[in-house]
Amino acid sequence: MTETILTGAGSGAPRTIERTPRRAPLIGSYQERCQSFTWNEAREWLDGMPDGCLNIAHEAVDRHASAGLADQVALRFLDRTLPTQELTYAELRDLTDAFAIALRTLGVRPGERVCTLLDRSPALYVTALGALKNGSVYCPLFPAFGPEPVRERLELGSVRVLVTDAEAYEHKIAPNRDSLTSLEFVLIVGDRSLATEPSAPLPTGTLPWSETMAAATSVLHRDGFTIAATRPEDPALLHFTSGTTGRPKGAVHVHQAVVAHHATTRFALDLRPGDIFWCTADPGWVTGTSYGIIGPLTCGVTVVTDAADFDAGRWYRILEEQHVTVFYTAPTALRMLMRKGTELAHGHNLSALRHIVSVGEPLNPEAVVWGLEAFGLPIHDTWWQTETGAIMISNYPGMPIRPGSMGRPMPGIEIAVLERGDDGRAAVVDGKVTVVAQPGVDGELALRPGWPSMFRTYLDNPERYAKAFVDGWYLTGDVARVDGDGYVWFVGRADDVIKSAGHLIGPFEVESALMEHPAVAEVGVIGKPDPLAGEIVKAFVTLQTGYEPDERLRRELIMFGRRRLGSVAPREIAFDQALPHTRSGKVMRRLLKARELGLPEGDLSTMEPSP
Ligand code: 6R9
């Protein structure tokens, strides 16, 4: 069987590359699957629990632990210095049972929120899956966030339990602990004790992870454990994401999201028994949870996770030494590998690698073709969002790839491109939208709701949730076009959110943090194109009178942003005493971006007239 890759499709004559896949996909051809697939069929691939109950952690862990995979490695942790720590499916079952018992002992009820602010370490995975076993809602926080994004999310989520380490506690939690009235318990992982006076008691509700787990393990050995009888529609996951305006939005997913996690992991990632899978996304972002924890564990494979940051040599070493078979990563990382050339790849034995997949930002066609040169494998792009919970569009294994295209809708997914209005979003007339009929024409990408991992609400914000749906479609905020063969091509965002190194950043959150500095009178934040990260965060700042726009102040503002925001802080700051405004007084980010790019300034009818 050969796989066809068409390059340059959509622009000029396609070049065809044929190759023989290392193993034919098990999942059936794209056409066959699309014709026959139903979500009810996918439900049958899972175990379920008595009385119609369903729990993600049961599907990810317990069913394998009691069905022949007890001694198989579920998670293999590589720490910064590379020695490994492993947990088998049976060990993971026991640890997650114990953590669920710990939560019950603390009186944490189903539906209440449990967060992690941790590096990629065993405690993170145990917390995530243990919280689900207790019926609690798991909410991951990205460990590179600064104190402000962490505080904001803990507050918005009314989070009751946080699992973190001593360093993160001291820098990011302790300064705001008093104002976080819902946060009752903080479990501290690791040996490093808190830098309190030796005699000073820990703040109430601050508990060492190891002792809490030891006590819960004794209870487990004595009494055993029964997983919470969660219903398919019970909330399970809370993922914060960002929009153009306002505070972060908490997308709520339910236990039956696991049906989509499992099916799409099989379809798009082609996972099968015996695979060694590495997803490089941090579980603080949705990819690292849906496909770094849940999807692959439901397939019973071994998941490799690395605590260190990107390093090309280290990554090739991991791919080789761990015999990784399926690799899910992001375009920024692939571009960083590309910069090191193909020689570094060729210096490693990567013969175990069978399938490479990408997500999170546009994957340039060169990267797809480079994959062929470096790995002997093309890179398969996938598209989805925090809200969709699972992959919606993909270059399905075995399907001809068009480099530069995100692929075609997954089985069970219906998409449309909608005509746009003046604001760039889908045009709505009397509650109706118009589907673009001809191939190749841009519009807002929309999805027909109905798959199991679709978000069920934005936490405490039903109005914002309702606004995401029009005329039976979910509006994605992305602009795309579809070619004559049904391949979807990403054009851009219809709004002002920023994607930097695959991470979604809300400009409002960054602006609000900078506004706290006494020198700042007003600020507008945009994503500035960057050859490596896709975009970087750039802030345009108007100073209060009495402040000089000099290099010292610029550096101070950069540091101020970094201390508060961590990884989402602006990398560049420009001073601008005349920021453009709409008539209603909002900073026009769109115009700031057009000016930054040297593009035509477009329709400025809503802009404030010049004085
Ligand atoms: C999974 C994830 C969602 C936004 C999405 C789009 C961008 C994701 C992409 C892509 C071009 C791809 N995006 N995949 N853009 N090509 N293959 O990333 O979720 O953080 O919510 O971001 O990311 O703009 O709307 P999330």
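Every number for a ligand or one of its atoms is a count from 1 in the order of the listing.
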Legend entry - Numbered atoms of ligand 1 (with element) below 4.0 Å of Thr287, judged on heavy atoms: 1 (C)
Inset, instruction - Walk me through it: do Phe277 and Phe327 pass the test ring-ring contact (aromatic ring centres under 6.0 Å, His included)? - result: CA-CA 6 Å; Phe277 174 64; Phe327 182 40; 9.0 Å; no
Inset, instruction - Take every heavy atom of Gly360, measure it against each atom of ligand 1, and state whether any distance is under 4.0 Å. - result: yes
Legend entry - Chi angles and distances behind the ring-ring contact (aromatic ring centres under 6.0 Å, His included) call for Phe455, Tyr474: CA-CA 11 Å; Phe455 75 132; Tyr474 162 68; 5.8 Å; yes
Inset, instruction - Check each heavy atom of Thr382 against ligand 1 and say whether those closer than 4.0 Å belong to the side chain, the backbone, both or neither. - result: backbone
Inset, instruction - Using a 4.0 Å heavy-atom cut-off, say whether Thr386 meets ligand 1 through its side chain, its backbone, both or neither. - result: both
Legend entry - Side chain Tyr458, main chain Ala466, donor-acceptor under 3.5 Å: no
Legend entry - Side-chain donor-acceptor contact under 3.5 Å, Thr241 with Glu387: no
Inset, instruction - Count the heavy atoms of every other residue, nucleotide or ligand shown that sit under 6.0 Å from CZ of Arg562, and state whether that count exceeds 12. - result: no
Inset, instruction - Look at atom 3 (C) of ligand 1 and say which protein heavy atom is nearest, naming residue and atom and giving the distance to 0.1 Å. - result: Trp384 O, 3.6 Å
Legend entry - Plane angle bin for Trp45 and Phe267 - parallel if under 30°, tilted between 30 and 60°, otherwise perpendicular: perpendicular
Legend entry - Protein contact of atom 12 (C) of ligand 1 - nearest heavy atom, named by residue and atom, plus distance: Glu361 O, 3.5 Å
Inset, instruction - With heavy atoms of Pro362 as the reference, note each atom of ligand 1 found under 4.0 Å away. - result: 11 (C), 15 (N), 16 (N)
Inset, instruction - Looking only at protein heavy atoms, identify the closest one to atom 6 (C) of ligand 1 and say how far it is in Å. - result: Asp478 OD2, 2.9 Å
Legend entry - Side-chain donor-acceptor pair present, Trp383, Asp478, cut-off under 3.5 Å: yes
Inset, instruction - Just let me know how Gln385 lines up against ligand 1, side chain, backbone, both or neither, with a heavy-atom cut-off below 4.0 Å. - result: both
Inset, instruction - Among all protein heavy atoms, pick out the one at the shortest distance from atom 18 (O) of ligand 1; state its residue, atom name and that distance to 0.1 Å. - result: Lys499 NZ, 2.8 Å
